[in-house]
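Have a look at the structure below, then the notes.
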Amino acid sequence: MVTHADTYSRWPHRLSVLTAATTLLLIFVGGLVTNTGSALAVPDWPTTFGYNMFLYPWSKMVGGIFYEHSHRLIGSTVGLLTVSLAASLWLAEPRRWVRRLGLVAVVAVIIQGVLGGLRVVLVQQQLAILHACLAQAFFALLVSLAVLTSRFWQDAAAAPRLVDGARLRATALSTACLIYAQTVFGALLTHTGTRLGAHLLVAALVTGSVLRLAVRIFGGQAERRELRRPLLFLSALLIVQLSLGLSVYLWRYTAVSVALAPGLGVMFQALHRIVGTALLGAAVLLAVRIIRLAGVARPEAAPADQAEPQFARQREVLA
């Protein structure tokens with residue numbers, strides 16, 4: 001039987017990472033579009049003031065048009081990268097379910113592009129909120145694909161199984177879900193000015209969940225570098241995010257904004273959004289790694305004369 005180890009190609013992983021990084025940039029520019037009030041700077045879609053989107057003169061990209069049109073161009077780049085990723089998975093990836101995830105990514109990026117266009121044409125706030133929420137889910141999918149196509153996923157088949165893996169897996173998944181919920185409430189707060197209380201409550205839940213995850217990893221898995229490093233990154237992002245959240249709160253809801261330049265408030269909000277997306281990505285990366293390590297076979301659990309065949313079968317299934 002042909003296994004993943006026999007047919008491993010670096011290109012799907014490289015494209016996954018590149019597409020995820022470009023999506024992160026796209027979300028950042030999308031935040032600037034919202035925070036600078038540039039969402040409707042270009043009134044038509046899929047054209048730009050009657051021009052083919054890709055032929056619009058650079059000299060006319062000024063003010064809000066610069067943010068909005070740049071967002072469209074980067075979005076198109078993400079779309080092309082996603083199609084390339086799906087093609088590379090179809091050609092080089094032996095696992096059918098991973099290839100199907102690549103197709104899901106293509107469908108998601110198409111829907112996301114249409115939602116962005118309809119937001120302009122129909123001028124509906126609900127579409128803007130849905131557009132923002134789907135962007136975060138799409139980014140999480142790309143991070144998952146980056147882990148699934150990495151060397152880590154292949155090499156983990158030979159790693160020792162996690163101690164108390166089921167509880168650790170549940171904690172990691174709940175942390176990622178809470179962070180995604182926080183991005184949803186963040187989108188509602190940004191576009192409607194409501195759900196501030198829910199946003200603050202979920203922020204507290206996210207903080208507690210990350211702390212619980214840290215206790216469980218450092219308590220029983222401290223020697224696992226593949227978990228320790230992303231956890232430290234996740235924790236550092238959380239500290240930065242809480243600081244930025246406090247800055248945005250002071251700027252939007254207190255008299256502090258009077259003493260600050262308007263551009264500083266826009267910067268705080270844009271950074272708060274992009275760090276929140278990076279936080280989600282770090283949580284998803286850690287969760288997918290834990291899922292993998294919690295599911296690998298434990299070679300030492302079988303008798304000596306049966307361990308190797310059993311381990312080989314388990315590795316083939318998980319690959």
Side-chain angles (χ1 to χ4, degrees), residues 4 9 11-31 33-34 39 45-47 52-54 68 70-122 124-150 153 173 176-177 179-181 183-184 186-188 191 273-274 276-278 280-281 283-285 287-288 291-292:
H4 184 211
S9 171
W11 281 108
H13 177 65
R14 290 170 176 170
L15 281 169
S16 298
V17 173
L18 178 59
T19 308
T22 309
T23 301
L24 194 64
L25 174 62
L26 176 64
I27 292 173
F28 176 71
V29 176
V33 170
T34 299
W45 179 83
T47 55
N52 180 296
M53 182 175 65
F54 303 104
E68 170 63 12
S70 296
H71 185 60
R72 294 186 181 192
L73 294 177
I74 299 171
S76 299
T77 302
V78 169
L80 290 174
L81 286 172
T82 304
V83 172
S84 300
L85 170 59
S88 72
L89 289 172
W90 191 262
L91 294 173
E93 175 56 59
R95 295 167 293 177
R96 182 182 300 177
W97 63 277
V98 177
R99 295 199 301 268
R100 288 177 175 173
L101 284 178
L103 296 178
V104 171
V106 172
V107 173
V109 80
I110 292 172
I111 294 174
Q112 180 71 343
V114 172
L115 282 175
L118 292 178
R119 161 73 177 100
V120 172
V121 175
L122 301 179
Q124 289 188 2
Q125 199 76 290
Q126 294 85 350
L127 291 175
I129 296 170
L130 186 58
H131 185 62
C133 295
L134 181 57
Q136 302 291 334
F138 177 68
F139 178 71
L141 173 59
L142 291 175
V143 172
S144 299
L145 283 170
V147 180
L148 293 172
T149 56
S150 66
W153 189 270
L173 287 172
C177 290
I179 294 174
Y180 179 73
T183 66
V184 172
L188 288 169
H191 291 284
R273 179 179 291 103
I274 200 63
T277 304
L280 174 63
V284 169
L285 184 151
V288 176
I291 289 170
R292 175 59 164 165

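For Gln126, the side-chain contact (heavy atoms from CB on, under 4.5 Å) partners at least two apart in sequence or on another chain are Gln124. Remark: Ala86 pairs with Val106 by the side-chain contact (heavy atoms from CB on, under 4.5 Å) rule, at least two apart or across chains. Residues satisfying the side-chain contact (heavy atoms from CB on, under 4.5 Å) test with Val143, not counting sequence neighbours, are Phe139, Val284, Leu285. By the side-chain hydrogen bond (donor to acceptor under 3.5 Å, both in side chains) test, Thr277 pairs with Gln136, sequence neighbours left out. Judged as a side-chain contact (heavy atoms from CB on, under 4.5 Å), and not counting sequence neighbours, the contacts of Arg100 are Arg96. Evaluation of the side-chain hydrogen bond (donor to acceptor under 3.5 Å, both in side chains) rule for Thr47 yields Asp44 as partners, not counting sequence neighbours. Residues satisfying the salt bridge (Lys or Arg N to Asp or Glu O under 4.0 Å) test with Arg72, not counting sequence neighbours, are Glu68. For His131, the side-chain hydrogen bond (donor to acceptor under 3.5 Å, both in side chains) criterion is met by Gln112, not counting sequence neighbours.
The minimum heavy-atom distance between His191 and Ala132, with the atom names listed, is NE2-CB, 4.4 Å. Among all heavy-atom pairs drawn from Thr149 and Ala146, the shortest one is OG1-O, 3.4 Å. Heavy atoms only, all atoms of each residue included: Leu89 and Pro12 are closest at CD2-CB, 3.6 Å. What you find for Phe138 and Ala108 is that their closest heavy atoms are CD1-CB, 3.9 Å. Across all their heavy atoms, Trp45 and Gly113 have their closest contact at CZ2-O, 3.8 Å.
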For residues 19-29, please give each side-chain donor-acceptor pair under 3.5 Å, one per line with the distance, not counting sequence neighbours.
unit_1, atom_1, unit_2, atom_2, d
Thr19, OG1, Leu15, O, 2.6
Thr22, OG1, Leu18, O, 2.8
Thr23, OG1, Thr19, O, 2.7

With a cut-off of 3.5 Å and sequence neighbours excluded, list every side-chain donor-acceptor pair involving residues 114-121.
none

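Side chain of Arg95 to backbone of Leu148: a donor-acceptor contact under 3.5 angstrom is found.
Ile179 contributes atom CD1, which lies 9.5 Å from atom OG1 of Thr183 (distance to the nearest 0.5 angstrom). Between the CG atom of Leu81 and the CD1 atom of Ile74 there is a distance of 11.5 Å, given to the nearest 0.5 Å. Rounding to the nearest 0.5 angstrom, the gap separating the CG atom in Leu85 from the CG atom in Leu103 is 10.0 Å. We find the CZ-OG distance between Arg14 and Ser150 to be 13.0 Å, quoted to the nearest 0.5 Å.
By the 6.0 Å contact criterion, CH2 on Trp11 is open, its count of non-hydrogen atoms from other residues, nucleotides or ligands being 12 or less.
The salt bridge (charged side-chain N to carboxylate O under 4.0 Å, His left out) pairs that include a residue from residues 139-150 number zero, where partners must be two or more places apart or lie in different chains.
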